[in-house]
Amino acid sequence: MLERMRKFPTAAYLTVTGFMSDLKKDERGLSGVVVSVLLILVAVLAIVLIWGLLKGQLQTWWDNITGESEKIK
């Protein structure tokens, strides 16, 4: 078990570098990479947009919660 754990970082490094090397050589995979990057970008922008729209509502909810807790005291 310890031998397997000792070899894990080396195996992980070789796997990633081999994948990157294959990706550079394979022109068919480039469009997939571009699509993946664009999907990630769209997801991040959607999260930022939703957070911006909900920020005011979240503040309102928080004020209601803290206001009710002040009434309870």
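Please read all numbers here as calculations on a predicted model, not as lab measurements.
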Which of Leu41, Leu49, Val42 passes side chain to side chain contact (heavy atoms under 4.5 Å, CB included) with Leu45? It is Leu41

Rounding to 0.5 Å, atoms CD (Gln57) and CG (Leu54) come to a distance of 7.5 Å

**Asked** If we ignore angles and hydrogens, is there a donor and acceptor under 3.5 Å between the side chains of Asp63 and Gln59?
**Response** yes

